[in-house]
Amino acid sequence: MTDSETVTTTATLPPPREAFKVNWIRLAPLLYTIGLFAIWEIGVRLSGLPHTILPTPSRIFQAIVEYWSPIWKNSLQTLYTTVLGFIIAVIAGLGIGLFIGWSRTIYAGLYPIMIGFNAIPKVALVPILVIWFGIGTVPAVLTAFLISFFPIVVNVATGLATIEPETEDVLRALGAKKLDIMLKVGIPRSMPYFFGSLKVAITLAFVGSVVSETVASNNGLGNMMASAQSNFNVPLVFAGLLMLAVEGIAMYALMAWLERRMTGWAHRSTMST
């Protein structure tokens with residue numbers, strides 16, 4: 001075979017395939033979850049604990065299948081009240097956060113009031129909401145709103161109130177007004193704070209809606225778990241907790257996706273493997 005034929009044959013060969021690589025980072029959540037359930041299952045079986053104290057994961061999944069219809073219905077109700085309260089908190093929190101962060105004087109005056117309001121346990125407000133609106137969906141929505149409202153306000157206001165004074169001085173020297181500074185610098189600068197706070201607020205919203213459903217509602221996972229607890233149906237209680245975890249993870253992942261899409265420019269660094 002001549003040199004030219006060798007070159008031609010080599011050129012026509014397909015490129016070597018890259019070795020298959022397992023993406024352990026993406027598989028880590030699934031593997032860790034499976035490992036947690038396996039340890040849980042083995043530990044309960046070895047300890048001999050009755051399912052009325054701590055059910056095994058297999059018993060919990062059995063309860064999900066057995067009571068799927070009420071679990072599905074109440075899960076949708078909890079998701080509805082949580083998302084509705086969260087949306088109200090986002091709109092109100094963004095607007096009030098922009099107002100508080102507009103001026104350092106307003107920030108200094110209202111921030112302590114916001115801290116005092118947030119220090120009040122929201123479960124203590126549920127009886128008042130029941131007196132005002134009765135038992136049902138409205139107290140759950142309002143509780144989800146009240147408990148997820150504060151992180152959004154604080155993060156937006158902090159993003160606006162911490163604009164470097166040098167930046168403001170330069171912009172004013174160039175003829176920019178207060179509104180121009182807020183629109184061109186303040187609001188874009190506060191967006192990472194805002195979208196980051198959504199991940200915290202959505203998890204808190206689930207806490208608020210479930211607490212209210214437990215105390216003052218005839219529907220939702222909170223009410224279902226309270227009824228199951230009174231009947232000593234512990235597997236159903238844990239089934240409700242598992243459904244809450246699934247909904248919370250899904251909504252958190254959605255907020256994290258929005259954060260990456262909207263403020264990816266603010267997160268350039270990557271974690272090492």
Side-chain angles (χ1 to χ4, degrees), residues 13-49 51 53-80 82-83 86-87 90 144 148 151-152 155 191-210 221-222 224-225 234-273:
L13 290 175
R17 294 182 179 180
E18 294 184 1
F20 177 75
K21 295 182 179 180
V22 178
N23 193 332
W24 293 108
I25 295 178
R26 290 192 175 184
L27 286 177
L30 177 62
L31 295 177
Y32 277 63
T33 303
I34 294 175
L36 174 63
F37 283 140
I39 295 173
W40 183 354
E41 182 83 22
I42 295 172
V44 173
R45 289 183 180 274
L46 290 178
S47 64
L49 287 173
H51 69 267
I53 301 298
L54 181 62
T56 60
S58 59
R59 185 68 181 84
I60 295 172
F61 288 119
Q62 180 182 346
I64 292 177
V65 175
E66 182 179 354
Y67 299 99
W68 174 247
S69 179
I71 288 176
W72 174 252
K73 176 184 176 181
N74 288 292
S75 296
L76 290 180
Q77 175 66 22
T78 298
L79 184 63
Y80 167 73
T82 302
V83 172
F86 174 71
I87 291 175
V90 170
S148 60
I152 299 174
N155 279 272
M191 286 300 98
Y193 294 86
F194 169 66
F195 284 100
S197 69
L198 297 184
K199 296 186 294 185
V200 178
I202 187 61
T203 55
L204 293 176
F206 276 101
V207 174
S209 59
V210 171
L221 288 174
M224 185 194 75
M225 290 188 294
V234 181
L236 181 57
V237 176
F238 276 85
L241 293 175
L242 184 60
M243 295 304 297
L244 280 173
V246 171
E247 291 183 349
I249 291 172
M251 294 304 298
Y252 183 95
L254 177 60
M255 296 304 109
W257 178 81
L258 286 175
E259 182 186 18
R260 291 193 302 269
R261 290 282 297 178
M262 304 301 294
T263 62
W265 50 270
H267 303 277
R268 298 191 184 98
S269 62
T270 55
M271 295 177 61
S272 59
T273 57

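- By the side-chain contact (heavy atoms from CB on, under 4.5 Å) test, Ala250 is found to be paired with no residue, residues two or more places apart in sequence or in another chain being considered.
- Qualifying side chain to side chain donor-acceptor pair (under 3.5 Å) partners for Thr78, counting only residues two or more places apart in sequence or in other chains: Glu213.
- Residues forming a ring pair (Phe, Tyr, Trp, His ring centres under 6.0 Å) with Tyr80 (at least two apart in sequence, or on another chain): none.
- In this structure Tyr252 satisfies the ring pair (Phe, Tyr, Trp, His ring centres under 6.0 Å) test with no other residue, sequence neighbours excluded.
- Here Ile34 pairs with Leu30 under the side-chain contact (heavy atoms from CB on, under 4.5 Å) rule; sequence neighbours left out.
- Ser58 is linked by a side-chain contact (heavy atoms from CB on, under 4.5 Å) to Glu41, Arg45, Thr56, counting only residues two or more places apart in sequence or in another chain.
- Gln77 meets the side chain to side chain donor-acceptor pair (under 3.5 Å) test with Thr137; sequence neighbours excluded.
- For the atom pair CG (Leu254) and CD (Glu259), the distance works out to 12.0 Å, reported to the nearest 0.5 Å.
- A distance of 12.5 Å separates CG of Leu31 from CG of Leu36, quoted to the nearest 0.5 Å.
- Considering all non-hydrogen atoms of both residues, Gly240 and Met225 come closest at C-SD, 3.8 Å.
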Per-pair distances, 0.1 Å, donor-acceptor, side chain in residues 61-74, under 3.5 Å, sequence neighbours excluded:
unit_1 : atom_1 : unit_2 : atom_2 : d
Tyr67  : OH     : Asn233 : ND2    : 3.2
Asn74  : OD1    : Gly220 : N      : 2.9
Asn74  : ND2    : Pro70  : O      : 2.6

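- Across Glu247 and Leu76, no two heavy atoms sit closer than the pair OE2-N, 4.4 Å.
- With sequence neighbours excluded, the residues satisfying side-chain contact (heavy atoms from CB on, under 4.5 Å) with Leu54 are Trp40, Val44, Leu49, Phe238.
- Between the CD1 atom in Ile152 and the CZ atom in Phe86 there is a gap of 5.5 Å [rounded to 0.5 Å].
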Extract all donor-acceptor atom pairs below 3.5 Å that involve side chains of residues 202-209 and protein atoms in other chains or at least two apart in sequence.
unit_1 : atom_1 : unit_2 : atom_2 : d
Thr203 : OG1    : Val200 : O      : 2.7
Ser209 : OG     : Thr82  : OG1    : 2.7
Ser209 : OG     : Ala205 : O      : 3.3
Ser209 : OG     : Phe206 : O      : 3.0

